[in-house]
Protein chains: 2
Amino acid sequence: MTQSVGYREVKADLLAQIRSGAFAPGALLPGEEELCRRYGAARATVNRAMRELAEDGLIERKRRAGSRVREAPLRQARFAIPLVRVEIESQGAAYRYALMRSRILPCPDWLRARLALPEATQMRHLACLHFADERPYQFEDRWISLAAAPGARDADMAALGPNEWLVRNVPFSTAQISFSAYAADADAAQMLGCAPGESLFRVERQTWREGASITYVSLLYRAGHRMTTTVGAG
Amino acid sequence: MTQSVGYREVKADLLAQIRSGAFAPGALLPGEEELCRRYGAARATVNRAMRELAEDGLIERKRRAGSRVREAPLRQARFAIPLVRVEIESQGAAYRYALMRSRILPCPDWLRARLALPEATQMRHLACLHFADERPYQFEDRWISLAAAPGARDADMAALGPNEWLVRNVPFSTAQISFSAYAADADAAQMLGCAPGESLFRVERQTWREGASITYVSLLYRAGHRMTTTVGAG
DNA sequence: TAGTGGTCTAGACCACATT
DNA sequence: ATGTGGTCTAGACCACTAA
């Protein structure tokens with residue numbers, strides 16, 4: 001081993017042994033005490049290395065039973081979901097935002113069912129376009145419950161955009177995000193400047209605070225968009 | 001605070017104060033020493049709570065400058081990427097797999113460019129269908145580099161499926177995953193039993209080991225598929 | 001240059017699951 | 001019953017960076 005025996009070294013060394021097959025899938029790893037002796041480190045140090053390997057999905061830990069290399073390394077990916085503005089700017093493009101429609105109306109049935117809202121909840125419905133270098137990049141179709149966020153009734157969404165307004169004004173506790181493919185309807189096609197029926201990448205998100213639904217949003221990206229992440233660079 | 005003063009309590013309490021606005025966005029949090037006094041905990045305990053809050057994207061930590069509540073809480077979602085078999089079985093459906101095509105051929109140009117492979121690399125190309133309760137669920141189009149995984153040339157993929165074979169036989173170090181929408185071509189439409197041009201959710205993944213490309217796969221899901229995750233339940 | 005977070009140590013107690 | 005991981009403590013040194 002090296003001189004410094006930090007948890008990073010311990011983790012990297014164990015990782016290398018797992019990848020090389022020295023610790024085969026399903027194999028029992030040495031206990032923490034044993035690893036302390038091998039690496040000359042304190043238990044807290046070894047523990048942190050092992051805990052992170054477990055979080056990364058490479059090993060499985062159980063009291064009394066010890067730590068085992070996972071048979072099928074748990075595949076998990078972390079996606080960053082930045083504000084559109086940040087996403088566009090980080091690509092070196094100029095960001096512009098336009099509020100296309102805004103109105104107050106009762107929650108439609110399909111959304112009431114989805115958000116489990118009581119009947120006759122008033123919502124603010126917004127349609128927005130986000131441009132990258134003056135080309136439509138994302139079409140945002142958003143619903144905000146005025147019961148959960150009364151301030152949204154009169155807030156000016158022309159300058160900042162509902163997403164940033166919500167981030168600043170309405171904290172949330174839980175969100176559900178889902179990704180899917182969506183065939184462009186006439187409205188979306190016109191907004192994004194593509195053919196109707198074109199295959200678009202869609203992100204849907206709904207958020208709650210203490211059980212109460214705050215907002216639902218559908219984000220349609222221009223054709224060809226990819227959401228990418230890299231995994232396991234450790 | 002409570003009696004036990006574990007890092008979970010400290011974390012939960014700080015989280016509640018952030019969400020309630022007691023610590024506003026941008027605000028400077030007390031230093032670790034100060035928090036130790038307030039909670040009556042050791043610094044390692046407070047440190048773990050703060051470190052996890054930082055990992056969760058809620059606060060930002062800098063040496064000397066202290067810890068601040070993030071202006072825009074960093075949104076990140078973790079997706080589990082299980083084996084299709086596990087995904088289908090966990091929905092309570094019966095899993096079946098069928099190998100539709102398998103051949104050995106030189107890497108096509110578009111893929112060579114994408115994987116940065118040398119010319120004339122031999123690949124095994126496979127087309128597979130994964131069924132849930134006898135309905136097509138996912139169409140897998142896979143390429144495996146025989147340079148990186150020679151064993152794949154003669155491996156029997158009829159019983160197990162290339163994904164599971166790879167998991168068991170070829171460790172990988174890095175993967176790139178991307179999500180997008182894809183308009184069904186004739187082949188995919190026939191495989192999945194949908195109309196050509198239908199909007200399908202696609203997952204693409206490529207993996208490397210020590211700089212060498214191992215495999216590229218495109219996974220097309222049946223129409224209507226959603227990939228969902230929940231965030232911030234803490 | 002001083003204050004903050006990052007990390008390590010040595011020791012301890014406990015919860016839990018397997019035996 | 002016993003061994004393993006989960007967590008906490010008290011103290012220490014260090015790296016970084018804002019002032």
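Note on naming: letters A, B, ... go to the chains in the order of the sequence lines (proteins, then strands), and numbering restarts at 1 for each one. Every value quoted in this text rests on a predicted model; they were computed, and no experiment measured them.
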Exercise. Kindly determine whether F201(B) and F179(B) satisfy ring-ring contact (aromatic ring centres under 6.0 Å, His included), including the steps that lead there.
Key: CA-CA 7 Å; F201(B) 183 67; F179(B) 299 158; 5.6 Å; yes

Going by atom type alone, with no hydrogens or angles, which donor-acceptor pairs under 3.5 Å involve a side-chain atom of residues 144-161 of chain A and a protein atom two or more places apart or on another chain?
unit_1, atom_1, unit_2, atom_2, d
S145(A), OG, A147(A), N, 3.2
S145(A), OG, A148(A), N, 3.2
D156(A), OD1, A158(A), N, 3.0

Interatomic distance where [atom1] belongs to [X] and [atom2] belongs to [N] [whole Å]:
| X | N | atom1 | atom2 | answer |
| --- | --- | --- | --- | --- |
| K11(B) | dC8(D) | NZ | P | 13 Å |
| E33(A) | dT2(D) | CD | C1' | 14 Å |
| R51(B) | dC8(C) | CZ | P | 10 Å |
| L35(B) | dG5(C) | CG | C1' | 12 Å |
| R48(B) | dC8(D) | CZ | P | 7 Å |
| M50(A) | dT7(D) | CE | P | 14 Å |
| Y39(B) | dA10(D) | OH | P | 18 Å |

Does a side-chain N or O from [X] land closer than 4.0 Å to OP1 or OP2 of [N], or not?
| X | N | value |
| --- | --- | --- |
| N47(A) | dT7(D) | no |
| R43(B) | dG5(C) | no |
| T45(A) | dT7(C) | no |
| Y7(B) | dC8(D) | no |

Quiz item: If each of E32(B) and A44(B) is mapped to the nucleotide of DNA chain C with the nearest heavy atom, which maps nearer the 5' terminus, i.e. the 5' end?
Solution: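 This one resolves to E32(B).
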
Practice problem: Would you sort out whether H130(B) and Y97(B) count as a ring-ring contact (aromatic ring centres under 6.0 Å, His included), showing the intermediate values? | Solution: CA-CA 5 Å; H130(B) 302 268; Y97(B) 155 76; 5.4 Å; yes

Practice problem: Could you pull out all residues at least two apart from R114(B) that satisfy side chain to side chain donor-acceptor pair (under 3.5 Å)? | Solution: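 For R114(B), the residues satisfying side chain to side chain donor-acceptor pair (under 3.5 Å) (neighbours in sequence not counted) are E204(B).
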
Quiz item: With sequence neighbours excluded, what pairs up with E134(A) under the salt bridge (charged side-chain N to carboxylate O under 4.0 Å, His left out) test?
Solution: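 In terms of salt bridge (charged side-chain N to carboxylate O under 4.0 Å, His left out), with neighbours along the sequence ignored, E134(A) is linked to R96(A).
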
Exercise. Would you mind listing every salt bridge (charged side-chain N to carboxylate O under 4.0 Å, His left out) that reaches into residues 166-179 of chain B, with sequence neighbours excluded?
Key: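 Of all non-adjacent pairs touching residues 166-179 of chain B, those that pass salt bridge (charged side-chain N to carboxylate O under 4.0 Å, His left out) are E164(B)-R168(B).
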
Exercise. Kindly state which residues belonging to residues 53-68 of chain B come within less than 4.0 angstrom of DNA chain C, counting heavy atoms of the residue only, listed by number.
Key: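 Correct list: R61(B), K62(B), R63(B), R64(B), G66(B), S67(B).
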
Exercise. Output every pair passing side chain to side chain donor-acceptor pair (under 3.5 Å) with a member in residues 20-34 of chain B, not counting sequence neighbours, ordered by first then second residue.
Key: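 Side chain to side chain donor-acceptor pair (under 3.5 Å) check on residues 20-34 of chain B returns E32(B)-R43(B), E32(B)-N47(B), E32(B)-R61(B), E34(B)-R37(B), E34(B)-R38(B).
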
